[in-house]
Amino acid sequence: DVKVTQSSRYLVKRTGEKVFLECVQDMDHENMFWYRQDPGLGLRLIYFSYDVKMKEKGDIPEGYSVSREKKERFSLILESASTNQTSMYLCASPPPGSTDTQYFGPGTRLTVL
Amino acid sequence: AQSVTQPDIHITVSEGASLELRCNYSYGATPYLFWYVQSPGQGLQLLLKYFSGDTLVQGIKGFEAEFKRSQSSFNLRKPSVHWSDAAEYFCAVGAPGNTGKLIFGQGTTLQVKP
């Protein structure tokens with residue numbers, strides 16, 4: 001059974017903290033994505049990676065960075081968390097080609113106080 | 001630029017009634033279209049997808065969607081709603097470039113009345 005896992009379901013951090021959100025997939029996929037989900041805005045792409053050490057900015061990359069040192073792991077980093085980064089964060093990993101199902105992780109609900 | 005619009009933020013239907021959730025897209029070529037559902041506290045689940053061919057697509061849980069190129073729409077339908085269908089529904093289009101990137105609509109929250 002294919003899986004995308006995220007390190008935490010719920011996370012509470014303070015303003016200014018450095019935050020790491022981890023995503024792991026066991027499907028040997030090249031592509032991995034980070035989205036954030038906010039009410040009324042749907043899912044918006046933050047960053048994606050199409051290979052180890054390769055990354056591209058999505059639609060809302062400001063305030064975030066990513067790391068992909070191994071194929072199975074894609075980390076989202078909030079360098080200095082702010083309250084407007086309180087959100088649900090979803091990791092996804094599609095098989096090669098955009099014509100197939102994208103597998104989503106369960107999400108991490110991050111609250112920044 | 002590609003975009004997806006779901007005009008209805010909230011919809012309430014009675015159990016057993018029919019359902020139609022609207023989705024309009026803007027895309028330069030033949031789109032890859034998806035509907036996802038997110039139940040409370042759950043992850044995103046794919047309901048159905050359209051790539052080509054028959055414009056009426058059947059999905060899981062009794063859902064179907066119809067691709068209408070002339071109207072740039074991909075509306076989701078179900079003939080009889082069950083209380084367990086209460087959830088948030090997202091329409092998405094596959095972005096060009098074969099990367100697997102998806103562009104999502106804003107989502108529609110479905111409430112089901114007993």
Side-chain angles (χ1 to χ4, degrees), chain A residues 1-6 8-10 23 25 27-51 54-61 66 68 74 87-109, chain B residues 1-11 21-25 27-53 57 59-60 67 87-109:
Chain A
D1 198 18
V2 294
K3 272 194 180 153
V4 178
T5 57
Q6 295 182 228
S8 305
R9 291 299 302 271
Y10 300 93
C23 175
Q25 52 97 1
M27 301 168 282
D28 201 36
H29 290 168
E30 278 82 26
N31 293 354
M32 296 184 74
F33 295 79
W34 275 107
Y35 295 88
R36 67 175 279 178
Q37 180 184 358
D38 299 289
L41 297 176
L43 280 75
R44 294 176 292 166
L45 182 64
I46 305 171
Y47 265 98
F48 69 101
S49 169
Y50 48 89
D51 204 347
M54 307 298 281
K55 61 185 179 185
E56 283 198 23
K57 293 180 180 179
D59 300 317
I60 51 165
V66 290
R68 185 115 181 252
F74 189 36
S87 186
M88 171 70 87
Y89 290 87
L90 292 167
C91 176
S93 182
S98 62
T99 61
D100 214 330
T101 306
Q102 180 148 178
Y103 297 96
F104 282 87
T108 296
R109 184 163 294 283
Chain B
Q2 295 78 27
S3 66
V4 178
T5 301
Q6 293 179 245
D8 305 304
I9 304 297
H10 285 96
I11 282 185
L21 302 182
R22 296 183 292 164
C23 173
N24 295 100
Y25 66 89
Y27 196 82
T30 301
Y32 301 139
L33 294 161
F34 305 82
W35 274 100
Y36 284 85
V37 61
Q38 186 179 41
S39 299
Q42 303 295 314
L44 280 167
Q45 182 180 23
L46 180 69
L47 282 175
L48 47 78
K49 56 191 177 186
Y50 170 80
F51 299 145
S52 63
V57 180
I60 63 171
F67 169 60
E88 189 161 20
Y89 292 79
F90 294 96
C91 181
V93 63
N98 216 32
T99 61
K101 176 184 174 183
L102 295 176
I103 299 166
F104 286 85
Q106 301 91 327
T108 298
T109 299

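Letters A, B, ... are given to chains in the order of the sequence lines, protein chains preceding strands, and every chain is numbered from 1.
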Within a radius of less than 6.0 Å around CZ of A:Arg109, do more than 12 heavy atoms belonging to other residues, nucleotides or ligands occur?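 Atom CZ in A:Arg109 is not packed in, count stays at 12 or less.
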Going from CG on A:Asp59 to CZ on B:Phe104, what distance comes out if it is rounded to the nearest 0.5 angstrom?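 Answer for the CG-CZ pair, A:Asp59 versus B:Phe104, is 11.5 Å.
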Please classify the contact of A:Leu43 with chain B as side chain, backbone, both or neither, using a heavy-atom distance under 4.5 Å.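 Backbone plus side chain of A:Leu43, per the 4.5 Å heavy-atom cut-off to chain B.
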Could you tell me which of B:Gly105, B:Gly43, B:Ser52 has the largest number of non-hydrogen atom pairs under 4.5 Å with chain A?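 Going by pairs under 4.5 Å, I would pick B:Gly105.
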Interchain contact, [X] with chain A, by part (heavy-atom threshold 4.5 Å):
X: B:Gln6; value: neither
X: B:Leu46; value: side chain
X: B:Gln38; value: side chain

With sequence neighbours excluded, what pairs up with B:Phe67 under the ring pair (Phe, Tyr, Trp, His ring centres under 6.0 Å) test?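 Applying ring pair (Phe, Tyr, Trp, His ring centres under 6.0 Å) to B:Phe67 gives B:Tyr50.
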Is there a side-chain contact between B:Leu102 and A:Phe33 in this structure, where contact means two heavy atoms from C-beta onward sitting under 4.5 Å apart?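 No, their side chains stay 4.5 Å or more apart.
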Contact check, side chains of B:Lys101 and A:Tyr50, non-hydrogen atoms, under 4.5 Å: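 Sidechains of A:Tyr50 and B:Lys101: no contact.
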Against chain B, work out which of A:Gly40, A:Pro39, A:Pro106 has the most heavy-atom pairs shorter than 4.5 Å and name it.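 Most heavy-atom pairs under 4.5 Å with chain B: A:Gly40.
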Among A:His29, A:Gln37, A:Arg44, residue most engaged with chain B (heavy-atom pairs, under 4.5 Å):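 Winner by heavy-atom pair count: A:Gln37.
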